[in-house]
Amino acid sequence: MSAERIDGTVVAERLRARVAEHVDALERTGQRPGLAVLLVGKDPASEIYVRNKRRLANEAGISTFEYFHSASVSEEQLLETLGLINDDPEVHGILCQLPLPDHLSEALAINTIRPEKDVDGFNIANVGRLATGQEAMIPCTPLGCLILLRERLGSLAGLRAVVLGRSNIVGKPMATLLLQNHCTVTIAHSRTRDLKSVCRQADILVTAVGRPEMVRGDWIKEGATVIDVGINRIPAPERGQGKTRLVGDVHFASASERAGAITPVPGGVGPMTIACLLANTVIACFRARGLEPPDDLWL
Ligand code: NDP
């Protein structure tokens with residue numbers, strides 16, 4: 001079998017177009033959605049992410065506000081900045097780019113962001129709401145994965161899902177979303193015994209481990225849908241000295257032989273993450289205006 005390629009770039013473009021329509025609608029009510037991004041230190045990868053988020057937000061008509069602190073910023077200063085952004089009525093979504101330097105508590109920073117502006121969905125209030133099936137801001141990467149799965153499969157009810165990885169930002173919320181969508185869910189991690197046979201049971205396999213091409217074709221059930229969240233940079237001497245390339249957690253070529261559908265890396269989950277961030281910002285803006293967010297936002 002040669003798997004269908006699930007093109008996250010195309011789905012994300014459609015979602016961003018939908019976001020832009022709703023930004024127009026909000027502007028007609030006198031409010032343009034605003035996204036604030038807070039970056040601490042000078043991590044080159046984080047700077048690229050922030051630049052991309054700004055460009056795509058602006059293309060969709062969302063205002064962006066950027067706040068930079070040096071890596072030596074004190075916790076007090078950081079929390080003060082977050083407090084100011086919390087109180088800014090032009091800002092509907094706040095993103096604190098992670099990771100933070102070691103001397104700063106990520107949990108404290110995230111929990112300082114008002115839940116209604118927490119467009120990453122990492123604040124403990126949103127985590128609790130999501131886990132208990134209440135209205136929540138849903139973390140962008142798992143939400144993007146869910147949209148791709150629904151695009152491919154329609155209803156997920158009754159399917160056996162394995163989530164490889166148990167981080168707070170991907171693995172755990174992904175498992176929660178799959179459970180809410182009536183899958184039978186297993187969460188696997190570094191202590192899981194016989195990982196290969198666990199993965200082979202999955203109708204849906206979501207991998208978020210950060211281990212280049214760890215999941216091989218013979219880990220995959222015939223016809224499964226595979227969502228590869230991993231983004232790993234590996235040496236690519238074939239492209240020239242010192243060159244690198246991105247790969248996922250899944251070995252794409254061998255997995256494509258068995259899967260029914262699979263996301264590529266790059267061009268799979270990555271673009272969906274940013275599109276969902278923009279959609280969450282629009283949702284936050286609707287709610288701030290006392291309006292019900294539109295049902296048709298999620299394609
Ligand atoms: P974390 O490092 O926080 O979590 C990794 C998880 O993988 C842990 O639960 C860990 O288990 C598990 N794990 C690690 N090694 C193994 C192994 N050999 N066998 C089984 N399980 C293992 O990573 P994140 O969740 O933050 O990110 C995962 C990947 O997704 C990364 O490559 C990251 O770059 C990418 N990512 C991509 C995004 C996108 O937009 N596409 C967004 C966010 C992340 P344990 O808990 O036991 O240690």
Side-chain angles (χ1 to χ4, degrees), residues 6-13 15-16 37 43-53 56-57 95-100 102 106-107 110 119-122 127 137-149 161-178 185-202 205-216 218-220 226-234 244-252 262-280:
I6 304 175
D7 193 335
T9 309
V10 169
V11 181
E13 250 174 48
L15 179 52
R16 292 202 312 273
V37 181
D43 175 44
S46 294
E47 283 178 345
I48 293 171
Y49 288 140
V50 167
R51 210 181 308 141
N52 280 342
K53 285 167 186 169
L56 293 172
L95 181 147
C96 180
Q97 185 68 43
L98 302 178
L100 293 176
D102 288 345
E106 290 187 354
I110 287 165
V119 281
D120 260 336
F122 297 159
V127 175
M137 278 291 173
I138 301 175
C140 304
T141 299
L143 181 55
C145 295
L146 181 67
I147 293 171
L148 293 179
L149 284 167
V162 172
V163 180
L164 192 42
R166 56 174 163 179
S167 71
N168 289 336
I169 63 171
V170 189
K172 285 181 200 156
M174 185 74 244
T176 304
L177 288 175
L178 289 165
V185 183
T186 301
I187 307 178
H189 46 77
S190 67
R191 310 290 178 89
T192 299
R193 290 191 189 148
D194 198 0
L195 204 50
K196 179 169 152 180
S197 70
V198 172
C199 292
R200 276 176 75 111
Q201 293 173 19
L205 178 63
V206 182
T207 61
V209 281
R211 299 269 181 262
E213 299 180 326
M214 182 180 97
V215 176
R216 316 299 291 190
D218 61 350
W219 291 40
I220 289 165
V226 179
I227 305 289
D228 189 352
V229 180
I231 301 178
N232 309 290
R233 194 166 280 286
I234 60 166
T244 59
R245 66 189 175 97
L246 292 180
V247 296
D249 293 335
V250 179
H251 184 259
F252 189 82
I262 183 167
T263 56
V265 176
V269 175
M272 291 302 292
T273 297
I274 300 189
C276 288
L277 174 74
L278 306 184
N280 275 350

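When a ligand or atom number is given, it counts from 1 through the structure's own listing order.
Under 4.0 Å from ligand 1, not a single heavy atom of Met272 appears. Contacts between Thr141 and ligand 1 below 4.0 angstrom, taking non-hydrogen atoms only, involve the side chain exclusively.
Taken to the nearest 0.5 Å, the CE atom of Met272 stands 9.0 Å off from the CG atom of Leu146.
The backbone N or O of Val37 sits nowhere less than 3.5 Å from a side-chain atom of Gln97 that would complete a donor-acceptor pair. With Asp249 contributing its side chain and Glu213 its backbone, the two residues share no donor-acceptor pair below 3.5 Å. The backbone N or O of Val170 lies less than 3.5 Å from a partner atom in the side chain of Ser167, making a donor-acceptor pair. Thr263 places a side-chain N or O within 3.5 Å of a backbone atom of Asp228 that can act as its donor or acceptor partner. With hydrogens and angles disregarded, a donor-acceptor distance shorter than 3.5 Å links the side chain of Arg200 to the backbone of Asp218.
Protein heavy atom nearest atom 10 (C) of ligand 1, with residue, atom name and distance: Ser190 N, 4.4 Å. In terms of protein heavy-atom proximity, atom 18 (N) of ligand 1 is nearest to Met214 SD, 3.5 Å. Nearest protein neighbour of atom 15 (N) of ligand 1, counting heavy atoms only, is Arg211 NE, 3.1 Å. Here the protein heavy atom with the shortest distance to atom 22 (C) of ligand 1 is Val209 CG1, 3.5 Å. Counting only heavy atoms of the protein, atom 29 (C) of ligand 1 lies nearest to Gly210 N, 3.7 Å. Of the protein's non-hydrogen atoms, Arg166 N, 2.8 Å is the one closest to atom 9 (O) of ligand 1.
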*Does the side-chain contact (heavy atoms from CB on, under 4.5 Å) test come out yes or no for Val265 and Phe252, once each step is laid out?*
CA-CA 8 Å; Val265 176; Phe252 189 82; over 6 Å; no
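Checked options Thr141, Leu95, Ile169; the residue passing with Asp120 is Leu95 (criterion: side chain to side chain contact (heavy atoms under 4.5 Å, CB included)). Test Asn280, Ile138, Leu278 against Val119 for side chain to side chain contact (heavy atoms under 4.5 Å, CB included) and you get one pass: Asn280.
Counting atoms of ligand 1 from 1 in the listed order, those under 4.0 Å from a heavy atom of Gly165 are 6 (C), 7 (O), 9 (O). For ligand 1 and Leu195, the ligand atoms under 4.0 Å from any heavy atom of the residue are 19 (N), 20 (C). Taking every non-hydrogen atom of Thr273 and a distance limit under 4.0 Å, the qualifying atoms of ligand 1 come out as 39 (C), 40 (O). Shown in contact with Asn232 at under 4.0 Å from a heavy atom are these atoms of ligand 1, numbered in order with element: 32 (O).
With a 4.5 Å cut-off on side-chain heavy atoms, Met214 and Leu164 count as touching.
By heavy-atom distance, the residue among Val229, Ile169, Asp249 lying nearest atom 41 (N) of ligand 1 is Val229. Of the candidates Ser167, Gly171, Gly230, Gly270, the one placing a heavy atom closest to atom 25 (O) of ligand 1 is Ser167. Residue Val170 holds the heavy atom nearest to atom 44 (C) of ligand 1 of all those in Val269, Val170, Thr192. In this structure, of Thr263, Ile227, Ile231, Val247, the residue bringing a heavy atom nearest to atom 32 (O) of ligand 1 is Ile231.
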